[in-house]
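First the structure, in the form of structure tokens, and then the observations on it.
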Amino acid sequence: MTTIDTANKSDIADMPAAGAQGPVDNYLTWTKGAISWIFTLDHKRIGVMYLAGVLISFLIGGLFALIVRTELIAPGATIIEPSTYNLFFTLHGAVMVFLVIIPSIPASLGNFVLPIMLGAKDVAFPRLNLFSFHLWIIGAIFVVLSLLLGGFDTGWTFYTPYSTTTETGGVVPVLFGVFILGFSSIFTGLNFVVTVHKMRPPGMTWFRMPLFLWAIYSTALIQILATPVLAITLMLVGIERAFQIGIFDPAMGGDPVLFQHFFWFYSHPAVYIMILPAMGIISDLIAVHSHRHIFGYRFIAYSSVAIAIFSFLVWGHHMFTSGQSALLNTIFSAITFSVAVPSAIKIFNWLATLYKGSIALNTPMLYALGFIFLFTIGGLTGLYLGTLNTDVHLHDTYFVVAHFHYVMMGSALIGFIGGLHHWWPKMFGRMYNEKLGIIAFTLVFIGFNVTFFTQFMLGSKGMPRRYYDYQPEFEIYHFISTIGSYVMAAGFFLTAYYLLASLFSGKKAPANPWGGRSLEWQCTSPPPHDNFKTTPTVGDCYDFSVVRWSDEEDGYVIDRSKDPEIAPSSAHSGH
Amino acid sequence: MSAHAKNDHDHGGLEQPLVGHLVPISVLVWTALALLFLTAATVAVRYVDAGQFNMVIALGIAVIKATLVALFFMHLRWDKPFNQLVFFGCIAFVVLLIALTVLDTGQYAPTVFDGNPDDVQAALDANAPEAPITLKTGVSSPD
Amino acid sequence: MTAIDANSNPPSDSPDHDHGHGGHESENPFQAHHFDTPDQQFESAKLGMWLFLGTEILFFGALFALYTILRANDPEVFSYASQYLDTILGGVNTAVLILSSLTMAMAVHFAQRSKKTLMLICLWLTLLGAIGFLVIKYFEYEHKFHVNLKWGPGFYMPVDEQEATVVGDDGTVLSVVQEDELAVAKETAKLAAEAEESLPAFVDPLIGAVPPVDATTVAPAAIGPGGISAVKPVEKIAADRAAEGHVEHSDKPHLEDQDLPVNTHRFFAIYYAMTGLHGIHVVVGIVMILWLIVKGMKGHFDRRHYAPVDLGGLYWHIVDLVWIFLFPLFYLIH
Ligand SMILES: [Cu+2]
């Protein structure tokens, strides 16, 4: 009764007003004290804690990246030793992949938004949700522990036999840490699948879910199916390192190519664990900020599931030059091209949604447009790498580095940052400084392209990845790339500044600042502890014709009288 | 769902679960007997030389046993279709992993060095010099 | 990890948990507040468990893939090495697990009908089966360790010198092998050390850290459960081993076997990896069953609220199911 009416009290005079029973409760102030956060079962608080953890890890991983880029600004030794350099690029990769990108969208934004989008009070298993957060913390502690024990220089891929023989002392702790992080990821995915299956409100059929939920759902399927294989593989690497059992270590008759098979059986789908949720965010951002019904809803929804399934059939494209047989090379190369189809379907549908929309060029929308641009480049360059003969030239060069940064950072992380801006007012009830947001986006976008587009050129000229030193003819590219990374870092630090500042001095956020139509915009900002007192009834979450601006609310409201499906008479029949 | 949901499930009386499916004891016992019989059978077959078919029979019996456990002990026969899909879908993904990796290692196996690695061979030569397990000749031809 | 999950996964397992979102709307005290109906709660828990079992299938699935690859590429290793496994013990263990699966399924049945005593009897029987399985497994492992049927380089260690030499707690040598054998052992150790030095990339703690043939030091594991009383002359050990008759094909140590195929140690790597991981799951299952018994004795389960028993049962059945495949794959190779 209290919450969903706040957005539209002006339309329903016969309903009691929201503020009637005093100040509206919200999840941030529901209970106080650190313990009430650490052991909370509230999906919103868990999401916020994940967000904090992910952003701190992002800062750390980013600093490692800056160290690596600074070392590479000139040939020869610049600031660090070669062995230290190996530690830093490995740590950058491992932290960014396992602690930042994989949990970023599902665990932080997904946790916060998913139950609210479903009009549910919580995820299906709140305690399992808390448990997976605690696992994340434990996993992160092990990664830190491995740092203290000497770090690891295996690259984030832990390829054998190097990972079973390297002298660096942090290999086993980090393997164990990633093992634990894997289970954190599995339990989050499991929770989301059950929540989506069992907790949808009356009226929300599968094809009425916001597309973000379809993306999170597909992601969760991959998390459940792929992550156990990574867990067991890393466990075997640890055992191989300790006991020389002869599974992966060729010195004992083991097969290192087999390790790559098992590793990529997880890690290629993991690329979609990273990118699919970002695609879901973009689908919602594009529709909301251009105030136009999403084009080709079913195509976008089905393409998410299709990508999830295809992702299991292409892992060998990481192994074209590593001894994989010609037969499998051909099979994997051929299937790899098919992944381009569902990805392109999404791009075309987003562009069609924008067409004739009334586009608001605010920060989240800029990130969404940036995503489309960068993902197109990242996706198309993937085709060069999926083609057998060009890959032989490009494999293990900066071309690969540039490609996966366009996909993992330019797409997945940009999508995350866009979503963060989109839901920031909802999460913390404050508006950030829009002008600074646009400036920061510009810095990030330009800095990113300067950094990584240069690396395409470096790679196609033959500069290998992970090298400490290089020929003088590469210097100009490395120099430009490093400067670009500084610009990008400036953009991110500016973002951190204005987001944090908004918590203290930001304008109070209305329930619906952007004109969204899905359920999370129908409860207050920040949401109350219970999300919804009654299970709300839902209409078409992409029908923006009933959304209009209200000066009184200083935000958008939903004009229920215009929508027969959620007319007041049926609005509270949910329970 | 309405507040009457509980009553909807209560028609079975106090001997029936509120939710879910009750499998009779007799079905469970028969399942176990079938499993024990199949176990005995598969052990017996191990002592018969059926060539290639030994493995086929052993795995066939294992599949039958696993199916019995899943269908009756785990109630999958009466469970929601999606739960059945989860179970069999996961097995399908395991098969996918096995099929492609076996296909690949089978393809490149002939190009791999044959024999014990040098260190193991050294340990063998030291510990069991009379054992005729020696390093074979380098790369065998991919035929 | 799995233990905590199997126990705490169902949201329904604690009727009094303090979610604090307000009062219960249903008359069913076992219903968590964020579910609308008992049906929804039960179906959610069940789907969650099935998804978890799916991850278990893929978890073991990677090892099954590994097994298939090893066997497809080295079939002779498998048909040779499986002779060291005791088919009868494996068969008995299979039967034990099947029976404990039956009692688990019956426990679920009785929980569904609010038959507390019968349910508890069935749970105790299940627990007995689980422990029995581990005891048999322990004897199997113990014997293999005794004769160095191990993973990795330990597989290539000679057995006799280890058993014949025992060092007391204070470090004094209680018994040594005969003069000539000692010389051979020292020579062997020297060769092994040289082999290790010549290949610096191969860092080997087993050969390096515990020179197994050095007659003056012996790993404590070799002393055996009998401690000092286990001291025996070499001949007696050999005779005992022959009398035990576990190894069907030969009474000699495997290293002296004329037919030992190359890479046999990999069979034992995958054997210990798969049965070991399965054993860990059995241990987790024991903890889970104990938890169910404790809760059951407090009267927490009845026909309205038996989901924890049901989900625990599913977990226990998947442990059985994995073993159903491990048994023919390792013990029944002709
Ligand atoms: Cu890939």
Between [X] and chain C, which part of the residue has a heavy atom less than 4.5 Å away: side chain, backbone, both or neither?
X       : result
I239(A) : neither
M235(A) : side chain
I186(A) : side chain

>> Tell me which of these, V194(A), N191(A), V193(A), has more heavy-atom pairs under 4.5 Å with chain C than the rest.
In response: V194(A)

> Using a distance-only test with no angle check, is there a side-chain donor-acceptor pair under 3.5 angstrom linking Y27(A) and N531(A)?
Replying inline: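 Y27(A) vs N531(A): no donor-acceptor pair found between side chains.
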
> If you measure only the distance, is there a donor-acceptor pair under 3.5 Å linking the side chains of H197(A) and E43(C)?
Replying inline: no

>> Taking side chain as everything from C-beta outward and backbone as N, CA, C, O, which of these in L70(C) sits under 4.5 Å from a heavy atom of chain A? Side chain, backbone, both or neither.
In response: side chain

Taking only distance into account, with no hydrogens and no angle test, what donor-acceptor pairs under 3.5 Å do side-chain atoms of residues 254-261 of chain A form with protein atoms, sequence neighbours excluded?
{"from": "D255(A)", "atom 1": "OD1", "to": "V257(A)", "atom 2": "N", "distance (Å)": "3.0"}
{"from": "D255(A)", "atom 1": "OD1", "to": "L258(A)", "atom 2": "N", "distance (Å)": "3.3"}
{"from": "D255(A)", "atom 1": "OD1", "to": "Y108(B)", "atom 2": "OH", "distance (Å)": "3.2"}
{"from": "D255(A)", "atom 1": "OD2", "to": "Y108(B)", "atom 2": "OH", "distance (Å)": "2.6"}
{"from": "Q260(A)", "atom 1": "OE1", "to": "S322(A)", "atom 2": "OG", "distance (Å)": "3.0"}
{"from": "H261(A)", "atom 1": "ND1", "to": "W315(A)", "atom 2": "NE1", "distance (Å)": "3.0"}
{"from": "H261(A)", "atom 1": "NE2", "to": "D104(B)", "atom 2": "OD2", "distance (Å)": "2.5"}

What residue, out of [options], has the most heavy-atom pairs lying under 4.5 Å from chain A?
options                         : answer
A62(C), G54(C), A65(C), G61(C)  : A62(C)
Y272(C), W50(C), F59(C)         : F59(C)
I270(C), L66(C), D74(C), N73(C) : L66(C)

>> Once salt bridge (charged side-chain N to carboxylate O under 4.0 Å, His left out) is applied, do any residues pair with D320(C), and if so which ones, sequence neighbours excluded?
In response: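 Counting only residues at least two positions away or on another chain, D320(C) forms no salt bridge (charged side-chain N to carboxylate O under 4.0 Å, His left out).
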
> Is it true that K137(C) and E140(C) have a side-chain N and a carboxylate O under 4.0 angstrom from each other?
Replying inline: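 Yes, this pair counts.
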
>> Testing the basics here: between N263(C) and M252(A), what is the closest heavy-atom pair and its distance to 0.1 Å?
In response: OD1-O, 4.3 Å

